[in-house]
Structure formats: structure tokens, C-alpha cells
Amino acid sequence: MSCASSERRIALVDVNNFYASCETVFNPKLAGRPLVVLSNNDGCVVSRSAEAKALGIKMAQPWHLIRKQAEAEGCIAYSSNYTLYADMSSRVMAILADMAPEHEVYSIDESFLDLTGVRQPREHGLAIRQRVRQWTGLTVCVGIGSTKTRAKLANHVAKKHPEHAGAFDLEELPAAEQEAWLQRIPVDEVWGIGPRLRERLQAMGVRTALDLQQCDPKAIRQQFNVVVERVVEELRGTPCLDLELLAPPKQQIMCSRSFGRAIVDVAELREAVISYVSRAAEKLRQQQSVARVLHVFAHTNPFKPEQPQYNASLNIKLPLACDDTLMLSRYAGAAAEHIYRPGYAFKKAGTMLMELEPKATRQITLFEDTDQLERRARLNSVLDRANVRFGRGTLAVAGAGTDRSWRMNRGMLSPPYTTSLDHLPRVGGASLNQRIT
DNA sequence: TCTGGGGTCCTAGGACCC
DNA sequence: TCTGGGGTCCTAGGACCC
């Protein structure tokens with residue numbers, strides 16, 4: 001007995017040009033203009049409006065190399081405003097959660113929805129699109145398929161072919177039409193096929209998504225590995241990847257940054273590393289884990305090969321797994337001093353917390369001072385609450401420095417429109433805040 | 001002056017053991 | 001002359017994703 005409605009249907013919903021679109025929502029004058037959002041330190045292009053794409057601006061291009069030309073063509077650049085994007089993301093995700101029984105938040109702007117059993121999946125996709133647009137001002141595309149990989153492909157079609165109105169269901173088509181679409185899609189547009197695999201596949205004559213789908217999975221496993229084999233199976237409609245409804249806890253937590261200017265002083269390197277490990281510890285406590293290993297690294301600017309280069313890192317096994325900012329800061333500071341070498345211009349440093357385990361089942365050691373641990377836990381919780389309520393960095397360990405002139409550059413940052421009363425958009429000349437006060 | 005940050009999974013190969 | 005073999009664990013590095 002075949003019952004169409006019981007077949008697995010996965011939708012991939014993603015926001016078009018997410019960061020650039022967030023900026024436009026709050027500054028409508030930007031609509032229709034070429035606009036890019038830059039990575040930290042205003043380094044690379046990480047999001048582009050349709051008009052910026054039309055100018056030929058590519059993802060990940062260093063801004064300083066294309067700035068002159070782009071600005072001459074009327075392109076506007078913004079520094080990335082993650083506070084704003086994270087808030088907009090949670091609004092979109094709340095809508096999606098409401099429109100499907102189960103969904104997986106896959107990234108800041110993408111979500112997989114389970115539409116199995118929905119009678120007209122594509123119509124539902126259009127409804128999702130309509131609601132997100134109305135409630136947030138953002139535009140999403142919806143791709144529907146029997147596996148995650150096919151949903152991704154369908155999403156690609158929805159984005160590239162406006163005649164589908166932003167929602168495309170691969171499975172509602174007859175087999176011949178499905179194949180025709182797959183044949184139009186280059187193999188490296190398939191989820192999981194990057195530049196290296198594309199090269200190897202092309203050498204074998206596998207150029208399109210259809211070519212890859214028609215490969216023998218077992219042969220692919222022989223020549224590549226189990227990951228590529230799963231891609232082929234998913235393309236053929238055999239699910240290998242399930243929806244992950246609950247995000248599993250991270251296995252490692254990293255915080256690293258490039259500096260706004262090079263650091264030559266050990267005291268500054270120490271400050272930077274301590275401020276990064278503080279942030280990492282905050283994330284660690286958020287997921288209620290403790291870390292057993294701390295990794296600290298720093299390096300010079302690889303893009304300046306004429307300058308002396310130095311790459312250093314240190315792994316520290318902690319005496320007990322912990323989530324304590326003060327303790328982690330002490331070790332991170334010592335590590336920074338240990339890897340520091342005079343005579344080098346450091347451009348980037350970072351910390352990683354590894355070998356994480358749930359705090360609840362942490363192994364207790366024989367000699368630990370329980371009272372001290374409890375006092376520290378209370379201190380960290382005050383730290384976290386203050387920083388949530390009054391903004392990141394309100395309370396910090398002194399070792400993280402107060403001047404921080406090495407901090408990243410964000411010269412073109414938009415206001416935190418949605419998360420600060422002071423920056424609510426103004427209507428009729430007066431902000432809500434002014435009326436309140 | 002100016003080139004991001006944060007993750008995951010898999011594999012190969014070495015160390016070590018019996 | 002002739003120099004095992006299999007298992008496990010760990011780590012580094014590759015490849016991918018957004």
C-alpha cells in the first residue's frame with residue numbers, strides 16, 4: 001500500500017542574504033542598493049545583497065582589495081552586528097517552530113523542518129515564507145525533498161529560479177523532471193561536496209548532481225569514504241541524516257579573534273587571551289559543561305610573509321575539570337606568557353576548551369575545596385547575569401584589561417536596533433525611549 | 001593601514017600491547 | 001638466508017559546513 005502522505009518530507013528553510021537583509025530591514029533606504037556585511041575586523045565579505053552579487057562581489061573576498069571599486073559602484077559596507085542577527089534569527093526560528101511539528105535549527109539562518117504528512121508541502125512552504133516576511137521583514141526560500149540533501153538541492157532551485165516563488169518541492173515532480181533539475185546543478189552545489197571533492201569527481205567525469213546520484217554508492221565508498229557514500233545515498237532518496245531536534249552539547253568551545261592592530265607586548269597578549277577565555281567559559285557554563293583541557297594559541301600575520309613568522313600553541317590539562325572564569329584565566333594568562341616571544345608582531349590569538357563533560361556528572365577529586373568551589377560558582381553566576389542584563393563585558397576579570405586598544409575594528413557598525421531601548425527605530429522624530437523618559 | 005570565526009566528522013598512521 | 005600479526009588508542013590533519 002503506497003500512501004503519498006506518509007513519505008518523508010524535509011524542508012530546508014533559509015533566509016536570503018541573511019546579514020545584509022537584517023541591515024536593510026532596519027534601514028529601508030538600503031533596499032535596492034548593493035550592500036555587503038563584513039567579517040570581524042572588517043576583513044572579508046560575509047554577506048551580500050542581490051545587488052552586490054550582481055556587481056560580481058564574491059563571498060569571502062578581502063574588503064580592502066575590492067573596497068575602492070565597490071564603493072565607486074555605490075556599494076555600502078557594514079561591520080557585522082551579531083547581536084542584531086542573533087535576535088532576528090531567534091524571531092525567525094520561533095515562527096518556524098510554530099509551523100512544523102519538528103524542526104532542527106541548523107545554523108543562524110537555516111532550519112530543517114519535518115513536513116512528513118503535510119498534504120501540500122509546497123503550499124505550506126509558501127505560507128511559511130509569507131508569515132516570515134510579514135512578521136520579520138525577512139525573505140526565506142523553502143526547498144522540499146525526501147532527504148536533507150535533496151531538500152538542500154530543492155532550496156538551491158528555489159533560490160536560483162524565481163518562477164517558483166521561493167518554494168520548490170522536488171518530490172512532487174515526475175522522475176524525468178527531477179532528473180532534469182539535478183542535471184542542471186553543478187556537483188559542488190551538493191551539500192557535502194567542496195572544492196577538493198569536486199576536483200576529484202570531475203576528473204572521473206562526475207560533473208552534476210545527477211552524475212553523482214547515478215554513481216554506485218559502494219564504489220564511491222571505495223574511492224572516497226563513507227561520508228561521500230552517504231551523500232550519494234541521500235541524493236537517491238535513502239535517508240542517512242536524521243533531524244537533530246535537540247542540539248547536542250558542543251564537544252569543544254573556541255573563542256579567538258584577530259587584533260585590530262598587531263600586538264608586540266606580552267602584557268597585551270595576556271589581556272587578549274584572558275578576555276577570550278572568559279568568553280569561552282561563559283559559553284561553557286551556558287551549556288552546563290566543564291572542561292578538562294585548555295588550549296591557547298597565538299600567531300603572527302601569515303599575509304605578511306616578509307615579517308618574521310611565529311605560530312605557537314599550548315595544551316594544558318587542568319588539575320580538575322572546571323567552568324570557572326578565574327581559574328581558566330589564570331592558566332590562560334600563564335600560557336600566553338609561555339608562548340610569547342619578543343620581536344614578533346602577533347595578529348591573532350585564541351583559546352579552546354576541550355574534553356568537555358556535563359557538569360552534573362563531573363568527577364570529584366579527593367582534595368578539592370568544596371566551599372571554595374561553591375563560592376566560585378556563585379561568583380561566575382553573578383558575572384553571567386550581569387553580562388546578560390547589561391551587555392557583554394560589563395563585568396570582567398581585571399586581567400582582561402580595561403583599555404583593550406588591540407580590539408577588533410568595527411568601523412561601520414549599525415545600532416543594536418532590537419536589543420537596546422536606546423536604539424529603537426524612531427517614528428516621527430522621537431524614539432520610544434524619549435517618550436518614556 | 002586593511003585577509004573571519006566557530007564548528008563537525010573521518011581517516012591514516014604511530015605508539016603500544018600481547 | 002630467515003625478522004609476526006592483530007588489536008586498540010590517540011593524534012594530527014584533511015575535508016566539509018555556515
Side-chain angles (χ1 to χ4, degrees), chain A residues 12 14-19 36-48 58-68 70-71 77-82 85-86 89 104-112 148-149 152 155 187-201 221-231 234 240-241 244 247-262 276 279-280 283-284 287 293 295 297 299-305 307 311 313 315 317 345 347-356 406-412:
Chain A
L12 175 66
D14 78 339
V15 183
N16 298 357
N17 318 326
F18 181 52
Y19 298 169
V36 297
V37 175
L38 305 177
S39 62
N40 279 337
N41 255 322
D42 296 339
C44 299
V45 172
V46 291
S47 180
R48 307 155 295 159
K58 301 271 179 282
M59 198 68 172
Q61 272 185 312
W63 178 236
H64 74 272
L65 293 179
I66 58 165
R67 175 175 186 169
K68 259 195 164 162
E71 286 182 341
Y78 273 89
S79 307
S80 23
N81 186 344
Y82 287 108
Y85 310 149
S89 173
E104 169 190 342
V105 176
Y106 177 67
S107 76
I108 192 162
D109 74 327
E110 281 174 273
S111 184
F112 287 104
K148 283 179 156 183
T149 304
K152 274 261 186 189
N155 182 278
V187 73
D188 58 330
E189 292 290 347
V190 175
W191 193 33
I193 306 299
R196 299 297 173 126
L197 288 169
R198 177 198 57 204
E199 236 167 86
R200 289 176 61 191
L201 287 164
R221 183 177 193 147
Q222 292 285 312
Q223 288 179 66
F224 297 89
N225 55 45
V226 59
V227 181
V228 188
E229 181 194 18
R230 286 206 279 257
V231 172
E234 282 251 321
C240 303
L241 306 168
E244 285 181 24
K250 304 266 183 254
Q251 298 173 38
Q252 42 182 261
I253 289 174
M254 176 146 68
C255 181
S256 71
R257 296 277 183 283
S258 299
F259 308 128
R261 59 165 170 83
Y276 301 157
R279 175 68 188 125
K283 297 188 208 171
L284 185 68
Q287 72 163 29
V293 171
H295 179 83
F297 68 90
H299 60 75
T300 49
N301 189 345
F303 295 103
K304 291 188 173 173
Q307 295 186 352
N311 251 307
S313 69
N315 253 333
K317 183 118 195 173
K347 185 57 185 167
K348 181 174 177 174
T351 63
M352 210 179 335
L353 301 175
M354 303 187 302
E355 294 190 24
L356 309 188
W406 40 264
R407 269 192 314 192
M408 61 187 180
N409 303 315
R410 293 203 290 175
M412 301 154 280

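Each chain gets a letter, A, B and so on, in the order the sequences are listed, and its residues count up from 1. Values below: all heavy atoms of this structure, side chains included; hydrogens, waters and symmetry mates excluded.
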Between [N] ([atom2]) and [X] ([atom1]): distance, integer Å:
X	N	atom1	atom2	result
A:E104	C:dC17	CD	P	16 Å
A:E234	C:dC17	CD	P	14 Å
A:H295	C:dG13	NE2	P	11 Å
A:N315	C:dT11	CG	C1'	11 Å
A:N225	C:dC16	CG	C1'	11 Å
A:Y82	B:dG5	OH	C1'	7 Å
A:F259	B:dG5	CZ	P	10 Å
A:E199	C:dC16	CD	C1'	15 Å

_Pairwise 5' ranking along DNA chain B for A:P62 and A:I253, keeping only the more 5' one_ = A:P62
*asked:* If you assign each of A:R230 and A:C255 to its closest nucleotide in DNA chain B, which residue comes earlier from the 5' end?
replied: A:C255
Quick one: label [X] by what it contacts on the DNA or RNA (base, sugar-phosphate, nothing), any heavy atom closer than 4.0 Å.
X	answer
A:L197	sugar-phosphate
A:N41	nothing
A:R67	nothing
A:W63	nothing
A:K68	nothing
A:P195	sugar-phosphate
A:Q251	sugar-phosphate
A:I193	sugar-phosphate
A:D109	sugar-phosphate

Side chain of [X]: nearest nucleotide among [options]?
X	options	result
A:N301	B:dT3, B:dC10, B:dG7	B:dT3
A:K250	B:dG5, B:dT8, C:dC18	B:dT8
A:F303	B:dC2, B:dG4, B:dG6	B:dG4
A:C44	B:dC10, C:dC18, B:dT3	B:dT3
A:R196	C:dC18, B:dG5, C:dC16	C:dC16

Short side-chain N/O contact to [N] OP1/OP2 from [X], under 4.0 Å:
X	N	value
A:S107	C:dC17	no
A:K58	B:dT3	no
A:R200	C:dA15	no
A:K304	B:dC2	yes
A:K152	C:dC17	no
A:K348	B:dG5	yes
A:S258	B:dT3	no

*Does the distance from a Lys or Arg side-chain N to an Asp or Glu carboxylate O, for A:E110 and A:K152, drop under 4.0 Å?*
yes
*asked:* Using 30° and 60° as the class boundaries, would you call the ring planes of A:Y106 and A:W191 parallel, tilted or perpendicular?
replied: perpendicular
*For the residue pair A:H299 and A:F297, does the interplanar ring angle fall in the parallel (under 30°), tilted (30 to 60°) or perpendicular (over 60°) class?*
parallel
*Which dot-bracket string fits DNA chain B when only Watson-Crick or G-U wobble pairs with both atom distances under 3.5 Å count, crossing pairs get [ ], and | stands for a partner on a different strand?*
....||||||||||||||
Using only atom types and a distance under 3.5 Å, with no angle test, would you say the side chain of [X] pairs donor to acceptor with the backbone of [Y]?
X	Y	answer
A:N155	A:L12	yes
A:S39	A:C44	yes
A:R200	A:Q223	yes
A:D188	A:R198	no
A:E104	A:F112	no
A:K348	A:T300	no

*asked:* Assess, by modelled atom type and distance only, whether the side chains of A:N315 and A:S313 contain a donor and an acceptor separated by less than 3.5 Å.
replied: no
*For atom C1', what is the distance between B:dG4 and C:dC17, given to the nearest Å?*
15 Å
